[in-house]
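Chain letters run A, B, ... following the sequence lines, proteins first, then strands; residues in each count from 1. These numbers come from the heavy atoms of this one structure, side chains and all, not from hydrogens, waters or symmetry mates.
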Amino acid sequence: MANRSGAAQRPNGQTQGKICQFKLVLLGESAVGKSSLVLRFVKGQFHEYQESTIGAAFLTQTICLDDTTVKFEIWDTAGQERYHSLAPMYYRGAQAAIVVYDITNQDTFGRAKTWVKELQRQASPNIVIALAGNKQDLANKRMVEYEEAQTYADENGLLFMETSAKTAMNVNDIFLAIAKKLPKNEQNAGQTGNNAQGRRLTEGDTGPKTAGNCCK
Amino acid sequence: MDEEYDAIVLGTGLKECILSGMLSVSGKKVLHVDRNKYYGGESASICPLEELFTKFGAPAPDESYGRGRDWNVDLIPKFLMANGSLVKLLIHTGVTRYLEFKSVEGSYVYKGGKISKVPVDQKEALASDLMGMFEKRRFRNFLIYVQDLQEDDPKTWKDFDPRTQNMTALYDKFGLDKNTQDFTGHALALYRDDEYLNKPAIETIARIKLYSDSLARYGKSPYLYPMYGLGELPQGFARLSAIYGGTYMLDKPIDEIVLGEGGRVIGVRSGNEIAKCKQVYCDPTYVPDRVRKKGKVVRCICLLDHPIPNTKDALSTQIIIPQKQVGRHSDIYVSVVSYTHQVAAKGWFIAMVSTTVETENPESEIKSGLDLLGPIRQKFVSVSDYYEPTDDGLQSQIFISETYDATTHFETTCLDVLSIFKRGTGEEFDFSKIKHELGDEEQ
């Protein structure tokens with residue numbers, strides 16, 4: 001019984017090389033394009049009038065890097081950033097984050113810096129953070145200079161790219177850059193070391209499973 | 001905030017968060033507000049440790065407690081029954097994706113001044129010192145009867161009507177002695193007192209089945225506990241609500257629930273802002289004039305730097321002290337979790353001793369529980385009233401949850417939630433409304 005649904009949901013078989021799974025969270029002001037970036041990355045789609053986030057709060061996408069398959073478990077804010085109501089659960093165990101701002105809106109860049117501080121306070125110390133200046137297709141209305149953001153990113157040890165969910169510019173690249181920077185040995189891929197994780201519950205689930213760790 | 005909503009939910013305790021999630025999933029426009037800066041209300045896990053010490057007016061913890069941020073201390077102790085309603089809700093709503101659990105390692109019951117493991121299989125049952133050899137045989141026959149009984153199939157009832165005859169009659173049928181009855185009613189059926197003896201046996205049979213079905217899922221005990229503490233549960237359901245369009249505001253004081261014609265709610269006021277709504281769902285703390293006191297619970301949070309004696313160094317466990325063993329009317333519960341659940345710094349354990357208050361001196365009532373723990377580094381005692389709503393909410397459209405009771409698991413929590421949902425919406429919650437493809441977890 002355990003194996004029937006268990007195996008279907010979480011394949012254990014060794015495929016090509018090793019598979020590493022990482023939790024990646026998105027942060028940034030409302031309407032900077034967080035969901036659009038994910039939608040472009042995961043489904044290759046873009047909607048000009050994307051509604052405020054509803055129902056797209058847990059997506060996965062894999063990237064192949066040499067002999068390793070990196071699987072991102074992507075968490076969207078589900079709008080809970082709007083009134084400063086993101087739950088601690090959101091940051092919990094996140095191994096990567098993309099902090100997004102809108103290059104045509106200086107305020108969103110200021111807020112992005114606040115999110116970076118919040119991550120440094122709440123998230124695990126080894127988290128890989130990327131800063132994304134989104135809406136690069138609107139560069140003629142630019143309010144945040146590329147150099148300014150680059151300097152800030154360098155000072156804080158962040159990856160940085162300007163992106164456009166609309167044209168797909170740098171969208172795959174920023175995820176790829178994160179994937180490269182993430183530690184891929186078993187020791188580091190977990191959150192806080194061995195034995196830290198419990199099990200996910202699934203229907204008809206019985207018997208213990210190995211931790212949802214790296215390289216299953 | 002100045003908008004119109006189908007429902008405004010006040011308080012982010014577990015019940016309110018589950019309700020909020022169910023309402024959003026059902027297509028309602030929901031505003032969910034909490035006066036506190038954090039999620040969870042009464043069912044939050046306190047982090048960092050310094051905040052717990054401050055809350056109880058104790059001097060700050062010294063460095064032996066490790067990093068304060070490594071602690072997440074529950075205020076209300078509960079475990080999930082592995083086959084219980086909360087687990088079903090978590091799975092059907094997909095909220096389980098946001099959480100990870102560990103099985104509780106074992107369950108113990110207090111008898112004659114010492115604790116014995118509640119047997120989980122034949123081998124443990126044979127070795128158990130809880131009952132003598134002949135009693136074990138009778139008890140085994142009783143368990144087989146319970147397992148085989150189907151409520152809708154009278155052939156399995158075997159000359160006994162579990163719907164009309166009471167539990168005492170069933171115990172008598174199998175000749176079980178008082179000690180075994182105590183063990184069955186309190187450690188398996190998880191009753192807090194002995195009122196069940198006079199009620200139809202089918203209720204107790206259902207509870208024993210829940211226990212053994214839960215046990216069958218993961219083996220070691222029927223209980224599960226979430227990593228990082230129980231406070232993760234409300235957060236998970238809040239996320240579900242947000243995904244389905246629910247709006248969240250923390251740190252927002254509520255000054256008034258605005259009533260219209262016939263005492264029906266029309267909105268909620270915070271300062272000068274009024275959010276309009278058709279319904280309000282809330283916990284008792286938001287409507288003190290619409291609830292009545294039902295009883296008192298005493299809880300003692302104990303921080304320990306060692307496991308509980310005589311539990312084989314279990315990293316998590318539950319100990320039940322049946323009322324009669326210590327001359328009481330309601331059971332005392334001890335629940336233990338530890339650093340392995342990411343709720344305490346390395347090497348630390350958190351034990352919670354709780355019971356329903358029966359005397360003027362609540363702290364002395366839990367002494368027999370505290371005595372089982374060995375040296376206690378720090379303890380925090382709280383005595384809190386629990387409340388129930390004075391009406392069903394249909395007139396005012398204000399639907400109020402009951403305060404969390406002294407039970408050790410979430411079964412009554414879920415019953416309350418499902419009942420409120422039904423009163424509020426006029427229908428049972430339809431699990432099929434959850435679009436599983438949103439999950440997209442495995443591709």
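Side chains of B:Tyr39 and A:Ser85 form a contact here, defined as non-hydrogen atoms less than 4.5 Å apart. When side chains are defined from C-beta on, B:Arg239 counts as touching A:Tyr90, because their heavy atoms get closer than 4.5 Å.
Within a 6.0 Å radius of NZ in A:Lys181, more than 12 heavy atoms belonging to other residues, nucleotides or ligands are found. Counting non-hydrogen atoms of neighbouring residues, nucleotides and ligands closer than 6.0 angstrom, the CD atom of B:Glu42 reaches no more than 12 such neighbours. Around atom NZ of A:Lys166, no more than 12 heavy atoms belonging to other residues, nucleotides or ligands sit under 6.0 Å away.
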Does A:Arg92 form a salt bridge (Lys or Arg N to Asp or Glu O under 4.0 Å) with B:Glu232? I'd like the steps, not just the answer.
CA-CA 10 Å; A:Arg92 192 97 71 204; B:Glu232 299 295 281; 2.4 Å; yes
query = Run the side-chain contact (heavy atoms from CB on, under 4.5 Å) check on B:Ser103 and A:Arg199 step by step: do they pass?
reply = CA-CA 9 Å; B:Ser103 288; A:Arg199 66 157 65 90; 3.2 Å; yes
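In this structure, A:Tyr83 contributes its side chain and B:Lys252 its backbone to no donor-acceptor pair below 3.5 Å. Between the side chain of A:Arg200 and the backbone N or O of B:Tyr98, no donor-acceptor pair lies under 3.5 Å.
Taking CG of B:Leu80 as the reference point, atom CG of A:Leu201 lies at 8.0 Å (rounded to 0.5 Å).
B:Thr247 touches chain A through its side chain: at least one heavy atom from C-beta onward sits under 4.5 Å away, while N, CA, C and O do not.
Contact between B:Arg69 and A:Ala123 at its shortest, heavy atoms only, is NH2-O, 4.2 Å. The two residues B:Glu100 and A:Gly198 come nearest to each other via the heavy atoms OE1-N, 3.6 Å.
Between the side chains of A:Glu81 and B:Tyr248, not a single donor N or O lies within less than 3.5 Å of an accepting N or O.
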